[in-house]
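A quick write-up on the structure given underneath.
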Amino acid sequence: MQSITLKNVRPRVFEDEDLSLSQVWDTDLVFTRGQTYVVEAPSGTGKSSLCAYIYGNRRDYTGHIRFDDRDISTITPGEWQKLRRTELAYLPQELDLFPELTAMQNLCLKNDLTGHLPHSRLREWMEALGLADRMDFPVGKMSIGQQQRVAIIRSICQPFSFLLIDEPVSHLDARNNALAAEIIMTEARRQNAAVIATSVGNRIGIPTDTELHL
């Protein structure tokens with residue numbers, strides 16, 4: 001997949017709102033593979049909705065979204081499963097980790113679906129993010145900042161052309177923000193992938209090709 005196009009997309013909940021200042025809604029917008037994007041906006045303006053629309057989790061919008069030249073409304077459930085294994089990676093705000101599993105079990109559960117990375121790489125990333133002593137610790141007993149670091153690693157434990165990360169560093173300090181950004185960008189560049197990150201203020205420290213405002 002080389003591009004994601006939004007054409008006149010508008011959340012239905014904003015049906016009667018004035019969105020004329022938005023650089024995302026009610027516009028023609030193209031996300032291109034290999035580029036980095038930050039979508040900056042206050043809470044409640046649709047950042048999480050944008051990610052969910054692209055990932056196919058929600059369809060409560062008007063307009064059209066296309067992957068290359070294909071409207072995503074025509075994608076079958078089986079095709080969505082393949083896309084989410086090979087083209088689209090996603091870190092939601094809610095993290096969606098399995099609390100009863102350890103950090104490494106959460107990572108391996110996803111990574112082993114595709115055999116994308118050696119387990120040694122996962123351990124390296126855990127160590128780099130200060131989680132060396134939490135690999136075999138249940139995620140549900142970790143702090144929210146530790147969980148967020150685990151979820152960041154899990155989001156890139158697969159092949160992807162586009163990585164969607166929704167407020168990925170909201171609970172991280174500056175040091176861990178920078179470390180997470182370096183890991184994400186190294187993997188994204190290795191796969192020549194695009195990164196689409198949302199932010200409500202604590203922005204991930206990736207180099208940004210395009211900044212957009214909702």
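All values below come from the heavy atoms of this structure, side chains included, with hydrogens, waters and symmetry mates left out. Start at 1 with the first residue, then count along the sequence.
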Flag this pair as yes if the NZ/CZ of R84 is under 6.0 angstrom from the six-membered ring centre of Y55 and inside a 45 degree cone about the axis; otherwise no. yes

If you measure from the Lys or Arg side-chain nitrogens to the Asp or Glu carboxylate oxygens, is any gap between K141 and E100 under 4.0 Å? no

Around atom CG of N192, are there more than 12 heavy atoms of other residues, nucleotides or ligands at under 6.0 Å? yes

Output the distance between atom CD1 (I153) and atom CE (M104), rounded to the nearest 0.5 Å. 9.0 Å

Tell me whether R175 at atom CZ has more than 12 heavy atoms from other residues, nucleotides or ligands lying less than 6.0 Å away. no

Student check: side-chain heavy atoms of L83 and M1 closer than 4.5 Å: yes

Treating Ile, Leu, Val, Met, Phe, Trp and Tyr as nodes and any side-chain heavy-atom pair under 4.5 angstrom as an edge, say whether I65 and I75 lie in one connected cluster. yes

Do side-chain atoms of R154 reach the backbone of L95 as a donor and acceptor pair under 3.5 angstrom? yes

Are V169 and L164 connected in a single hydrophobic cluster, I mean Ile/Leu/Val/Met/Phe/Trp/Tyr linked by side-chain heavy atoms less than 4.5 Å apart? no

With sequence neighbours left out, the residues meeting side chain to side chain donor-acceptor pair (under 3.5 Å) with T45 are none

If only side-chain N and O atoms count, and only distance matters, is there a donor-acceptor pair under 3.5 Å linking D71 with H64? yes

Quick check against the 3.5 Å criterion: does D209 have a side-chain atom that pairs as donor or acceptor with the backbone of Q35? no

May I ask you to check whether over 12 heavy atoms, not counting those of E182, lie within 6.0 Å of atom CD? no

Note, V195 side chain near I184 side chain (heavy atom, < 4.5 Å): yes

Would you call R12 and E15 a salt bridge, taking side-chain N to carboxylate O under 4.0 Å as the test? no

Please answer: with hydrophobic residues joined when any side-chain heavy atoms are less than 4.5 Å apart, are Y61 and V13 in the same cluster? yes

Where do V38 and R203 come nearest, in terms of heavy atoms and distance? CG1-NE, 3.7 Å

How many angstroms lie between CZ in F14 and OG in S49, if you round to the nearest 0.5 Å? 6.5 Å

Can you find a pair of side-chain heavy atoms, one from N177 and one from I204, that are under 4.5 Å apart? yes

Under 3.5 Å donor-acceptor, S155 side chain and I152 backbone: yes

Rounded to the nearest 0.5 Å, what's the gap from CE on M135 to CG on N106? Could you check? 14.0 Å

The reported gap from SG in C51 to CG in N57 (rounded to nearest 0.5 angstrom) is 10.0 Å

Separation between CD (E127) and CG (D133), nearest 0.5 Å, reads 10.5 Å

Restricting to non-hydrogen atoms, name the atom on L29 and the atom on Q23 that form the minimum distance, rounded to 0.1 Å. CD2-O, 4.2 Å

Do Y90 and I206 sit in one hydrophobic cluster, given that two such residues count as connected whenever their side-chain heavy atoms are within less than 4.5 Å of each other, even indirectly? no

Please check if the side chain of E87 supplies one atom and the backbone of F160 the other of a donor-acceptor pair under 3.5 Å. no

Counting N and O atoms only, with roles assigned by atom type, does the side chain of T210 sit under 3.5 Å from a partner on the main chain of T208, one being a donor and the other an acceptor? no

Check the pair T198, E167 against side chain to side chain donor-acceptor pair (under 3.5 Å), reporting the backbone distance first and the verdict last. CA-CA 5 Å; T198 72; E167 296 190 40; 5.0 Å; no

Looking at every heavy atom in both R85 and T114, which two are closest together, and how far apart are they? O-CG2, 3.8 Å

Mark yes or no for whether E40, through its side chain, and H213, through its backbone, hold a donor-acceptor pair below 3.5 Å. no

Enter the distance from D26:CG to L6:CG here, rounded to the nearest 0.5 Å. 11.0 Å

To check you understand the geometry: which heavy-atom pair defines the closest contact between Y37 and T32, and what is its length? OH-N, 2.8 Å

With distance as the sole criterion, is a donor-acceptor pair present between the side chains of T74 and R70 under 3.5 Å? yes

List the atom pairs, donor and acceptor, that lie under 3.5 Å between side-chain atoms in residues 117-126 and the rest of the protein, sequence neighbours left out.
residue, atom, partner, partner atom, Å
H119, NE2, D112, OD1, 3.0

ILVMFWY network linking L131 to L97, side-chain heavy atoms under 4.5 angstrom: yes

What I'd like to find out is whether the side chain of L91 reaches to under 4.5 Å of the side chain of P168, using heavy atoms alone. yes

Please test W80 against F67 for ring-ring contact (aromatic ring centres under 6.0 Å, His included), starting from the C-alpha separation and ending with a verdict. CA-CA 12 Å; W80 273 116; F67 294 165; 5.7 Å; yes

Whether the T62 and R10 side chains hold a donor-acceptor pair (N or O, under 3.5 Å, no angle test) is what I'd like checked. no

In terms of side-chain heavy atoms, does N202 have a donor or acceptor partner in S170 at a distance below 3.5 Å? no

What I want to find out is whether D60 reaches R58 closely enough, with some N-O distance under 4.0 Å, to be called a salt bridge. yes

Do side-chain atoms of S199 reach the backbone of G201 as a donor and acceptor pair under 3.5 angstrom? yes

Return yes if some donor-acceptor pair links the side-chain N/O of N8 with the main-chain N/O of D28 below 3.5 Å, else return no. no

Taking all atoms of both residues into account, what is the closest heavy-atom pair of A41 and K47, and its distance? O-NZ, 3.3 Å

Can a donor-acceptor pair be found, under 3.5 Å and without considering hydrogens, that links the side chain of Q105 to the backbone of T102? yes

Nearest heavy-atom neighbours spanning F162 and R33: CZ-N, 3.6 Å

Answer yes or no: is there a donor N or O on one side and an acceptor on the other, between the side chain of Q158 and the main chain of L88, under 3.5 Å? yes

